[in-house]
Amino acid sequence: MEIEKTMTVAAPAAQVWQMLLDPQVMGSCVPGMKSIEVVSDVEYIAQIHVKISFISARFKLRTTIVEQRAPHYLRCEGTGEDASVASSLKQQSELFLAELPDGRTELRMKVKVDVLGRLGTFGLSVMKTKADRMWEEFGQNLVARLEGGPSLAATAPARAAAAPIQAAAPARVAPASLAAAARPVAAVVAPASVPVATTPAAVPAAPAPAGRGWWSRLVHGGTADGRHIRIELQRGDTLLKIDWPVEAAADCAAWLREVTR
């Protein structure tokens with residue numbers, strides 16, 4: 001998977017460069033970042049918590065800076081894995097900083113990521129959708145740090161404490177270095193969307209038809225509360241049931257289209 005993202009920040013390139021190489025800044029800006037260990041000036045080990053739909057992974061990522069030309073270019077490589085969800089990843093990223101005439105800086109990133117294992121089954125469109133969300137949050141956090149305010153990551157615990165308790169829903173992922181911000185959810189699906197039924201009655205799961213491949217998919221009516229899409233995925237004798245929030249029907253449709261290919 002290859003991703004390219006661009007943003008513009010109101011700060012000179014030298015200042016942005018300095019912040020991007022500061023482990024503490026990256027720890028507060030990259031979504032899902034839990035910790036960073038500085039091995040050397042060019043090598044870091046990071047712990048990142050990533051969620052895609054119903055799969056939650058904690059990657060230990062080792063990232064190495066292999067080339068840098070301050071304050072305009074940075075290239076790094078990294079690998080990571082989480083044995084608990086049988087997933088691993090390998091990434092290569094390039095960072096470009098360009099000074100604009102008005103004193104602002106254009107930050108452009110190119111990332112190539114290979115995701116293997118369970119997380120790799122979600123498909124390209126699902127991963128890129130998550131990457132878009134993570135990049136947007138990273139940009140908001142970076143701008144907040146440049147302006148001297150708290151990042152979204154820093155204020156999240158306070159917001160969570162003040163929010164009322166709600167039923168758990170499938171989490172939206174992502175990716176241990178700066179490159180993590182660009183990685184790494186989205187019936188039988190109609191070509192454009194998944195129909196949402198309002199009847200609370202559950203429909204018993206039917207056996208997988210012969211010749212359908214190893215994923216047999218059954219999308220039933222809504223759950224009893226009328227706010228979730230009931231999905232059942234069957235592989236052999238294993239049946240996985242998922243209740244997807246109606247508000248995220250578009251993500252559900254994208255994920256199902258990928259899995260049913």
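Remember, predicted model here, so these are calculated numbers, not experimental data.
In terms of hydrophobic clustering, with Ile, Leu, Val, Met, Phe, Trp and Tyr side chains grouped at heavy-atom distances under 4.5 Å, M33 and V38 are assigned to a common cluster.
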*Does the side-chain contact (heavy atoms from CB on, under 4.5 Å) test come out yes or no for K110 and E2, once each step is laid out?*
CA-CA 7 Å; K110 296 174 63 177; E2 296 184 0; over 6 Å; no

*Report the C-alpha distance between E67 and R69 in whole Å, list the side-chain angles of each, state the deciding distance to 0.1 Å, and finish with yes or no for salt bridge (Lys or Arg N to Asp or Glu O under 4.0 Å).*
CA-CA 7 Å; E67 183 180 355; R69 297 191 295 272; 2.7 Å; yes

*For V30 and F138, what are the C-alpha separation, side-chain angles and deciding distance, and is it a side-chain contact (heavy atoms from CB on, under 4.5 Å)?*
CA-CA 5 Å; V30 176; F138 168 76; 4.2 Å; yes

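By the 4.5 Å heavy-atom criterion applied to side chains, V113 and M1 are counted as neighbours. For the pair L95/L107, a side-chain contact is recorded, criterion being any heavy-atom separation below 4.5 Å from C-beta on. Considering only heavy atoms from C-beta on, D22 stays 4.5 Å or farther from M26 through its side chain. A heavy-atom distance below 4.5 Å is not found between the side chains of D114 and L89.
M134 CE to T129 OG1: the interatomic distance, rounded to the nearest 0.5 Å, is 13.0 Å. A distance of 8.0 Å separates CD1 of I48 from CD1 of I36, quoted to the nearest 0.5 Å. Interatomic distance, CD of Q68 versus CG of L20, reported as 11.5 Å (0.5 Å rounding). The CH2 atom of W17 sits 4.5 Å away from atom CG of L74, with the distance rounded to the nearest 0.5 Å. To the nearest 0.5 angstrom, E4 atom CD is 8.0 Å from F96 atom CZ. In this structure, Q91 CD and T79 OG1 are separated by 9.0 Å, a value rounded to the nearest 0.5 Å.
Smallest separation of non-hydrogen atoms from I65 and C76: CA-CB, 4.0 Å. Here the shortest heavy-atom pairing between G80 and F59 reads C-CD2, 3.9 Å. Across all their heavy atoms, P245 and I229 have their closest contact at O-CD1, 4.5 Å. Minimum interatomic distance between T6 and W135 (heavy atoms only, all atoms of both residues): O-NE1, 3.8 Å.
A donor-acceptor contact under 3.5 angstrom links the side chains of Y73 and E94, judged on distance only. Side-chain contact of S93 with R75: a donor-acceptor pair under 3.5 Å is absent, judged by distance alone.
Using a 4.0 Å cut-off between charged nitrogen and carboxylate oxygen, K60 and E81 do not count as a salt-bridge pair.
Atom CD of Q18 sits in a sparse spot, with 12 or fewer heavy atoms from other residues, nucleotides or ligands closer than 6.0 Å.
Contacts of S56 classified as side-chain hydrogen bond (donor to acceptor under 3.5 Å, both in side chains), with partners at least two apart in sequence or in another chain: H49.
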Validation: residues 98-105 side-chain donor-acceptor distances under 3.5 Å, sequence neighbours left out:
{"unit_1": "D102", "atom_1": "OD1", "unit_2": "R104", "atom_2": "N", "d": "3.1"}
{"unit_1": "D102", "atom_1": "OD2", "unit_2": "R104", "atom_2": "NE", "d": "2.7"}
{"unit_1": "D102", "atom_1": "OD2", "unit_2": "R104", "atom_2": "NH2", "d": "3.3"}
{"unit_1": "T105", "atom_1": "OG1", "unit_2": "A11", "atom_2": "O", "d": "2.5"}
{"unit_1": "T105", "atom_1": "OG1", "unit_2": "A13", "atom_2": "N", "d": "2.9"}

